Amino acid sequence: MNNDAIWQAIEDLAAMRRISCSRLAQLGGLDATTFNKSKRFTPDGKPRWPSLSSVAKVLRATGTTWEEFVRLIPRDDA
């Protein structure tokens with residue numbers, strides 16, 4: 001598992017709900033830019049992971065369990 005896989009799972013969760021990542025963030029009470037692609041890397045280009053707190057908030061807001069979210073994470077061997 002890597003940060004790209006987690007970001008992809010967030011995108012997939014939004015797509016399943018037929019909403020944008022910005023709207024997903026808002027549903028979780030987060031800033032609309034929380035999941036923007038521009039925030040996925042630090043200014044020096046290092047990958048940034050979404051916070052556990054942010055993921056938990058959108059899961060709660062969408063009624064998605066952790067187990068369901070984990071199934072959205074692309075596997076390296078898939």
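Being a predicted model, the structure only gives us computed values, none of them experimental. As a basis for the values below, the full set of heavy atoms in this structure was taken, side chains included, without hydrogen atoms, waters or symmetry mates.
- Remark: Arg40 pairs with Trp7, Glu11, Cys21, Lys37 by the side-chain contact (heavy atoms from CB on, under 4.5 Å) rule, at least two apart or across chains.
- Separating the CE atom in Met16 from the CG atom in Leu24 is a distance of 11.0 Å, to the nearest 0.5 Å.
- For the atom pair CD1 of Ile10 and CZ of Phe69, the computed distance is 5.0 Å after rounding to the nearest 0.5 Å.
- Applying the side-chain hydrogen bond (donor to acceptor under 3.5 Å, both in side chains) criterion to Asp12, with sequence neighbours excluded, gives Gln8.
- Checked by atom type, the side-chain pair Thr33/Lys39 shows a donor-acceptor distance below 3.5 Å.
- Heavy-atom minimum distance, Gly63 versus Glu68: O-OE1, 3.9 Å.
- Met1 pairs by the side-chain contact (heavy atoms from CB on, under 4.5 Å) definition with Ile6, Ile73, not counting sequence neighbours.
- Thr64 meets the side-chain hydrogen bond (donor to acceptor under 3.5 Å, both in side chains) test with Arg17, Thr62; sequence neighbours excluded.
- Within the 4.5 Å cutoff, no side-chain heavy atoms of Phe35 are placed close to those of Ser20.
- Nearest heavy-atom pair, Ala25 versus Thr34, reported as atom, atom and distance to 0.1 Å: CB-CB, 4.1 Å.
- Under the side-chain contact (heavy atoms from CB on, under 4.5 Å) criterion, Ser53 pairs with Ser51, Lys57, sequence neighbours left out.
- No chain of hydrophobic side-chain contacts below 4.5 Å, direct or via other Ile, Leu, Val, Met, Phe, Trp or Tyr residues, connects Val55 to Phe41.
- In this structure, the side-chain contact (heavy atoms from CB on, under 4.5 Å) partners of Ala32, at least two apart in sequence or on a different chain, are Ser22, Gln26.
- Here CG of Leu59 is found 9.0 Å from CG of Leu52. Values are rounded to the nearest 0.5 Å.
- The nearest pair of heavy atoms linking Leu27 to Ala61 is O-CB, 3.2 Å.
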